[in-house]
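Right, one structure below, let's go through it.
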Amino acid sequence: MNVAQNLLLDRDGAVATITVNRPKVLNALNTDTLDELRRAILALKHDDGVRAVILTGAGEKSFVAGADINELAAQTPAGGREHAIRGQHVLDLIENMGKPVIAAINGYALGGGCELAMACTLRIAADTAKLGQPEINLGIVPGYAGTQRLARLVGKGRALELLLTGDQIGAPEAHRLGLVNRVVPAAELMKESRKLADALAAKAPIAVRYIIDAVNKGLEIPFPQAQVFEATLFGLVASTDDMREGTRAFLEKRKAEFRGR
Ligand code: CO8
């Protein structure tokens with residue numbers, strides 16, 4: 001289904017797939033694409049039938065090769081700040097949509113593309129993928145929170161090396177650094193992403209949402225408060241049918257059927 005000019009949206013059961021569809025410019029994110037992405041994520045967030053999302057790029061060459069440099073080249077200081085804030089907002093929505101979003105990195109994930117992948121819950125890379133933050137080579141800094149998410153994902157020293165050299169790294173190196181969760185043969189990327197999405201879609205949706213929340217929010221507040229936050233979420237899940245179903249299914253030696261209630 002075509003939901004927008006620059007995105008494809010496919011829905012199969014509980015799994016939705018968003019494909020950034022500007023292959024002629026290696027799926028670079030222009031303002032319209034970011035806005036379409038924002039609307040698609042909000043729609044999927046509020047659709048109870050969707051339990052996991054896969055995000056990928058059209059074609060075999062690129063996931064997303066960054067923000068659209070045509071737009072960046074014409075940017076004013078005030079416009080640049082607004083553009084960065086708008087992009088950060090969209091990536092925040094992805095990170096905190098409360099459902100697992102799997103980045104299926106099918107090629108270049110550079111600059112804003114790497115930032116987009118980092119905002120996803122999990123990252124599976126094709127063995128042919130290349131990742132990096134090349135902004136420094138354009139005389140700019142990342143603007144979609146790449147300096148922040150990269151340092152949190154791979155540590156300060158490794159993040160500074162990638163950010164300051166602007167070097168592209170291959171999928172195996174990205175895996176070694178912890179920048180991607182898994183590397184698979186390119187031909188199996190979508191199959192493996194779907195397998196993982198199906199597995200996550202079968203989990204208890206409220207518990208999934210709380211785990212994502214606990215990790216995302218917990219990392220930004222002092223540890224003792226984060227523990228209280230976790231304990232509160234633990235108490236909240238005790239009110240769900242899914243908790244009763246999950247524990248009963250274990251005791252009855254059967255597979256749990258979670259309903260998100
Ligand atoms: N923006 C616009 N067009 C692009 C982009 C891009 N990011 N990347 C590639 N393209 C276009 C090329 O211009 C080319 O167009 P054309 O066919 O009209 O010449 C087409 O895509 C194919 O690209 P190449 O011919 O360059 O393909 P190659 O295989 O030779 O090279 C590369 C592939 C290495 C990926 C190369 O295209 C490249 O280096 N691209 C730019 C990567 C980059 O620097 N990305 C970071 C951009 S900056 C950014 O993302 C900041 C994010 C935060 C912004 C905050 C808001 C202010």
Side-chain angles (χ1 to χ4, degrees), residues 4-8 18-38 41 55-95 101 103-120 123 125-154 158-174 177 179-180 186 189:
Q5 281 194 318
N6 305 294
L7 297 182
L8 299 172
I18 301 174
T19 305
V20 180
N21 188 30
R22 301 184 77 213
K24 283 191 182 141
V25 287
L26 305 184
N27 305 319
L29 297 174
N30 61 2
T31 308
D32 287 348
T33 310
L34 263 179
D35 199 48
E36 289 171 13
L37 199 49
R38 179 181 63 76
I41 292 293
L55 179 59
T56 193
E60 287 176 4
K61 201 168 162 184
S62 185
F63 173 71
V64 166
D68 192 314
I69 298 172
N70 296 295
E71 284 186 359
L72 295 185
Q75 207 135 245
T76 62
R81 183 174 183 278
E82 281 310 307
H83 182 164
I85 288 172
R86 234 179 300 135
Q88 289 172 1
H89 171 69
V90 178
L91 270 54
D92 276 348
L93 279 178
I94 293 172
E95 186 167 45
V101 184
I105 306 173
N106 55 311
Y108 291 113
L110 300 175
C114 189
E115 292 172 303
L116 178 64
M118 288 192 288
C120 294
R123 284 152 291 285
D127 53 3
T128 50
K130 299 266 187 216
L131 295 90
Q133 295 287 159
E135 286 90 341
I136 189 72
N137 298 327
L138 299 169
I140 60 174
V141 301
Y144 299 155
T147 55
Q148 303 310 303
R149 287 202 178 88
L150 189 59
R152 282 163 175 73
L153 265 178
V154 306
R158 289 162 168 169
L160 280 168
E161 186 177 348
L162 286 170
L163 291 160
L164 291 174
T165 62
D167 286 348
Q168 290 177 19
I169 56 171
E173 174 70 356
L177 295 179
L179 181 51
V180 299
L189 178 67

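Ligands are counted one by one from 1 in listed order, and the atoms in each one are counted from 1 as well. Here the structure is a predicted model, which means the values were calculated and not measured.
Residue P134 touches ligand 1 through its side chain alone, judged by heavy-atom distances below 4.0 Å. Within the 4.0 Å heavy-atom criterion, neither part of L29 lies near ligand 1.
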| query | Please walk me through it: do V20 and N6 pass side-chain contact (heavy atoms from CB on, under 4.5 Å)? | reply | CA-CA 6 Å; V20 180; N6 305 294; 5.9 Å; no
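Checking each of R149, H83, Q88 against Y144 for a side-chain hydrogen bond (donor to acceptor under 3.5 Å, both in side chains) leaves exactly one that passes, namely H83.
In this structure, atom 45 (N) of ligand 1 is in close contact with the protein, since a protein heavy atom lies within 4.0 Å of it. Using a 4.0 Å threshold on non-hydrogen atoms, atom 38 (C) of ligand 1 does not count as touching the protein. For atom 57 (C) of ligand 1, the protein comes within 4.0 Å by at least one heavy atom. Counting only heavy atoms, the protein gets under 4.0 Å from atom 8 (N) of ligand 1. Distance screen at 4.0 Å: atom 18 (O) of ligand 1 has no protein heavy-atom neighbour inside the cut-off. Of the protein's heavy atoms, none falls inside 4.0 Å of atom 25 (O) of ligand 1. Within the 4.0 Å cut-off (strictly below), a protein heavy atom is located near atom 21 (O) of ligand 1. Counting only heavy atoms, the protein gets under 4.0 Å from atom 48 (S) of ligand 1.
For a threshold of 3.5 Å applied to N or O pairs, the pair formed by A65 and ligand 1 contains at least one separation below that value. Polar contact check, H83 against ligand 1: no nitrogen or oxygen pair lies under 3.5 Å apart. At under 3.5 Å, a nitrogen or oxygen of I69, whether backbone or side chain, sits near a nitrogen or oxygen of ligand 1. Between G66 and ligand 1, no N or O atom pair is found at a separation short of 3.5 Å.
Between H89 and L93, the closest side-chain pair of non-hydrogen atoms falls below 4.5 Å. Here the side chains of N27 and T33 are not in contact, with every heavy-atom distance at 4.5 Å or above. For the pair L179 and I169, the minimum side-chain heavy-atom distance is below 4.5 Å. Two residues are said to be in side-chain contact when any heavy atoms from C-beta on lie closer than 4.5 Å; R123 and L153 meet this criterion.
At distances below 3.5 Å, at least one donor-acceptor pair connects side-chain atoms of R22 with backbone N or O atoms of A28. With hydrogens and angles ignored, the 3.5 Å screen pairs no side-chain donor or acceptor of Q168 with any backbone N or O of K130.
Taking a 4.0 Å cut-off on heavy atoms, Q75 registers as neighbouring ligand 1. At a 4.0 Å cut-off, not a single heavy atom of Q133 sits close enough to ligand 1 to count as contact. In this structure, G87 falls outside the shell of residues with a heavy atom less than 4.0 angstrom from ligand 1.
Against a heavy-atom cut-off of under 4.0 Å, Q168 is close to the following atoms of ligand 1: 34 (C). Applying the 4.0 Å criterion to heavy atoms of K24 picks out, from ligand 1, the atoms 20 (C), 21 (O). Atoms of ligand 1 lying under 4.0 Å from any heavy atom of L110, numbered from 1 in the order shown and given with element: 35 (C), 42 (C). Those atoms of ligand 1 that come under 4.0 Å of a heavy atom in G80, given as number and element, are 57 (C). Heavy-atom contacts of L138 reach the following atoms of ligand 1: 44 (O), 47 (C), 48 (S) (cutoff under 4.0 Å). Using a 4.0 Å cut-off to heavy atoms of G112, the atoms of ligand 1 that qualify are 49 (C), 50 (O), 52 (C). For ligand 1, the atoms lying closer than 4.0 Å to a non-hydrogen atom of K61 are 27 (O), 28 (P), 29 (O). Close contacts of ligand 1 with E115, meaning ligand atoms under 4.0 Å from a residue heavy atom, involve 52 (C), 53 (C).
Rounding to the nearest 0.5 Å places CE of M118 at 4.5 Å from CD of Q133. Put simply, CG on L37 and CD1 on I94 are 4.5 Å apart, with the number rounded to the nearest 0.5 Å. For the atom pair CD1 of I69 and CD of E135, the computed distance is 9.0 Å after rounding to the nearest 0.5 Å.
If you check which protein heavy atom lies closest to atom 51 (C) of ligand 1, you get E135 OE2, 3.4 Å. Looking only at heavy atoms of the protein, atom 11 (C) of ligand 1 is closest to V25 CA, 3.8 Å. In terms of protein heavy atoms, atom 36 (C) of ligand 1 is closest to L26 CD1, 4.5 Å. Residue, atom and distance of the protein heavy atom nearest to atom 31 (O) of ligand 1 are Y108 OH, 4.4 Å. Closest protein heavy atom to atom 53 (C) of ligand 1: G143 N, 3.3 Å.
Residue L131 comes nearest to L110 through the heavy atom pair C-CD2, 3.9 Å, listed as atom of the first residue, atom of the second, then distance. Across every non-hydrogen atom of A109 and I105, the tightest pair is CB-CG2, 3.8 Å.
When only modelled atom types and interatomic distance are considered, N70 and D68 share a side-chain donor-acceptor pair under 3.5 Å.
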